[in-house]
Amino acid sequence: MSVFRHYAEAITGAIRAMIAAGELPNLDPIPPITVEPPRDPSHGDLATNAAMVLAKPAGRKPRDLAEALRRRLTAGAGVETIEIAGPGFLNLRLAPAVWDEELRRAIEAGKHYGDSDLGGGRPVNVEYVSANPTGPMHVGHCRGAVLGDALATVLAKVGYRVTREYYINDAGAQVDTLARSLHLRYREALGETIGEIPAGLYPGDYLVPVGRALAGRDRERWVEASETEWLPVCRRFAVDAMMALIRDDLAVLGIRHDTFTSEKEALHESGAIAEAVAELHGRDLVYEGTLEKPKGKEIEDWEPRAQTLFRAKQFGDDTDRPLKKSDGSWTYFAADIAYHRDKFRRGYATMIDVWGADHGGYIKRMKAAVAAVSEGRAELDVKICNLVKLLRAGAPAKMSKRSGDLVTVRDVVDEVGRDVVRLIMLTQKPESPMEFDFVRVTEKSKDNPVFYIQYAHARIRSVMRRVASEVPGVSTDPRDLQGANLARLGHPAERALVRLTLQWPRIVEASADAHEPHRIAYYLHELASAFHALWNQGTEAPELRFLVGEDPELTHARLAMCQGVAAVIASGLAVIGVEPVEEMR
RNA sequence: GCGCCCGUAGCUCAGCUGGAUAGAGCACAGGAUUCCUAAUCCUGGGGUCGUGGGUUCAAAUCCCGCCGGGCGCACCA
């Protein structure tokens, strides 16, 4: 258990004891209190607002309550001083041994530092990417891909049982278009001249080899056949090929999903949609009705029509939503209802969907649907990813493209590398538009967060390699570093670095709770920054250097500190899906 | 017209689910290089947190109204 959770529980325990002793009214539940490191280090190691939060329900003055809480907490182990400050904060200063012990744990855990059982093994489903199987992944997909993957990893790190899921939209008109595009390439492969690809079909070169493959397998069989005959064949063949393509693209990013769900097979052909709608119908959540014409936007062929509608409004949406198209087939939304119902029935009470910004208007109805199919027992969180604007040295990026007008994920990864893409995608909260500058992200300077964080890790590894020659006899084995005399870390800058390093479990938990993996990238940058600052102080103040020839004990303690930093960086990069480097070249 | 997202230093953005004096990088000004890697570092200036109200011991954070920008608005996915 992290230091922070430990003391948070100690404080809650003290509050419960006060309730039991009649010093506080029987509050149920106890209002949420915070236990966090204060911004100002002079306020100690931990601060809690408990007294202020409890003051009103208890009908007592905050400072009186603070005093009572202090008396109960002082008995606790590891607490050195408790001060009451400001309007009623309790500022706890912990014994150095508490931090020393935590640093030892960090060294021991290595990249597993920050792992916890917070999630209690509860299942979470993270659905991300879900690019339509009509071509290779383009850059627009990779932000969501990285976000979803990092989110899944951080949730797993804190003890959830995470499933990474991909929804294959293989049922709509787009895959029919894909099938027709393939048929053209198939005829081309058999020697026909096809000329310009007609508007409305997919022109990308990536279908050329697929056409050849189909021709190789089936020969002339579909040339003279009618479309009703060849369409299903081409569709199946094309979708399989596109999914293979997309899986390769995902592999390039280092992403592997656990489950791929086919809209066509799992929802349409299985009857799951009909079943879901029937169930909702039975609960009077589906009806035949007519929607009002949307205001403010002209729709040419609008006509009032009775439709099969889901009562989304009853669950907080702005209007009820159609489940059937005018030709009688299911809408995409109907399929999505069945899909989320299926997820719920598979045991996921927590679902996370990662979508593009253009789907923002879809969130309310989907949440409404989840509330309906789970009868309020499941929760859906939708993460919206904004656009990535590609730049080269500040100007809009021009590049050779593999397919059509799209810049693919592979184009970008080929140029800058997987690690750069993954980390940069998390250097901004997802709902803001992002600029991705090919020049900036590959610069070897501190302006580039990828480099800056990697460099900190590489510097630590470099120090470790030098020990043998600079301070012979000092071990760099992590097991030995755990035994270092950490009391020798006395400089304020060292203590600050250690303290920041040991924030890591909190950052992981907060990031998982909030479903915000970008916090990890920010924290790593901050940690790297603190490390570099200390390193550079060694330039002017040689006594602050990590390797002190005449003082092996001090050297050992500082190496332990460095090892802790390296462990956290490795742990953090692992969440993001980036390999820490041993040296910069 | 409606819904959602965004609005924080000159620029690009954080801000730990309501806490103490709002942070970082770039840019700007000044300083530092016989250095374990200068592939930089230190110091400093710079803010009505879009705006007006409200909730509270406490608001950048929550609620309401405006302003500006983006996305979306039967039957596409």
Side-chain angles (χ1 to χ4, degrees), chain A residues 32 34 36-40 43 47-49 52-53 55-56 61-62 85-89 91 130 132 134 169 171-175 263 290-297 299 301-305 307 309 317-329 331-333 335-336 356-364 384 386-387 427-429 431-435 440 443-449 451-452 455 458-459 462-463 466-467 469-471 503 506-507 509-511 513-514 516 518-519 521-523 525-526 529 532-533 535-540 542 545-549 583-584:
Chain A
T34 60
E36 48 194 26
R39 197 169 40 231
D40 184 344
H43 290 153
T48 179
N49 63 357
M52 292 179 291
V53 172
K56 174 156 278 190
K61 289 182 191 161
F89 286 103
N91 292 332
S130 299
N132 289 337
T134 55
N169 298 134
Q174 290 187 18
V175 285
E263 179 188 357
T290 307
L291 291 176
E292 286 179 29
K293 181 176 178 177
K295 296 188 172 87
K297 189 197 163 205
I299 302 168
D301 57 347
W302 164 266
E303 54 186 45
R305 180 166 38 222
Q307 297 179 99
L309 299 171
D317 198 0
D318 307 314
T319 179
D320 292 341
R321 303 290 181 179
L323 298 175
K324 278 188 177 175
K325 302 183 205 170
S326 48
D327 67 359
S329 63
T331 58
Y332 182 80
F333 180 53
D336 234 346
D358 53 340
H359 287 58
Y362 203 77
I363 297 175
K364 278 192 184 178
I384 286 296
N386 220 308
L387 302 175
T427 52
Q428 212 163 98
K429 63 178 175 205
E431 53 272 16
S432 306
M434 164 181 286
E435 293 187 349
R440 212 183 67 99
E443 266 172 9
K444 294 185 171 181
S445 80
K446 73 186 177 77
D447 307 349
N448 177 359
F451 170 80
Y452 198 62
Y455 190 26
R459 271 184 156 169
S462 163
V463 170
R466 284 176 165 269
V467 171
S469 57
E470 305 257 344
V471 196
Q503 298 288 312
R506 276 188 79 241
I507 303 296
E509 287 183 9
S511 177
D513 277 348
E516 291 182 352
H518 72 270
R519 292 187 191 186
Y522 271 92
Y523 166 79
H525 190 267
E526 191 184 347
S529 178
H532 288 308
W535 174 291
N536 283 106
Q537 280 192 50
T539 305
E540 304 215 349
R545 293 181 191 174
F546 301 142
L547 305 182
V548 187
E583 59 182 329
M584 306 302 284

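Since we're looking at a predicted model, the values are computed, not measured. No hydrogens, no waters, no symmetry mates; every other heavy atom, side chains included, goes into these values.
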With a non-hydrogen cut-off below 4.0 angstrom, is Y523(A) in contact with a base, only sugar-phosphate, or nothing? nothing
Could you tell me whether the side-chain ring of H525(A) sits stacked on the base of A24(B), using a centroid cut-off under 5.5 Å and a plane angle under 30°? no
Which nucleotide in C13(B), G19(B), A74(B) has an atom nearest any side-chain atom of M52(A): G19(B)
No-H, no-angle donor-acceptor pair, D318(A) side chain to G3(B) base, under 3.5 Å: no
If you look at every strand shown and take non-hydrogen atoms under 4.0 Å, does F546(A) touch a base, only sugar-phosphate, or nothing? base
Quick check: does any side chain N or O of N386(A) sit under 3.5 Å from a backbone N or O of E431(A), one acting as donor and the other as acceptor? yes
What nucleic acid atoms does P433(A) come within less than 4.0 Å of, heavy atoms only: base, sugar-phosphate, or nothing? sugar-phosphate
Here RNA chain B, pairs taken as Watson-Crick or G-U under 3.5 Å and shown with ( ), [ ] when crossing and | when to another strand, reads (((((((..((((.....[...)))).(((((.......))))).....(((((..]....))))))))))))....
Between A77(B) and H359(A), counting only base atoms on the nucleotide and side-chain atoms on the residue, is there a donor-acceptor pair under 3.5 Å? yes
With heavy atoms under 4.0 Å as the rule, sort N91(A) into base, sugar-phosphate or nothing. base
Between atom CZ in R39(A) and atom C1' in G19(B), what is the gap in whole Å? 9 Å
Residues in ring pair (Phe, Tyr, Trp, His ring centres under 6.0 Å) with F451(A), at least two apart? Y455(A)
Categorize N132(A) for me: base, sugar-phosphate, or nothing, with a 4.0 angstrom heavy-atom threshold over every strand shown. sugar-phosphate
Whole-Å C1' distance, C49(B) and G15(B): 11 Å
Contact class for R459(A) vs. all strands (heavy atom < 4.0 Å): base, sugar-phosphate, or nothing? sugar-phosphate
A20(B) pyrimidine/purine six-ring stacking with F89(A), under 5.5 Å and 30°: yes
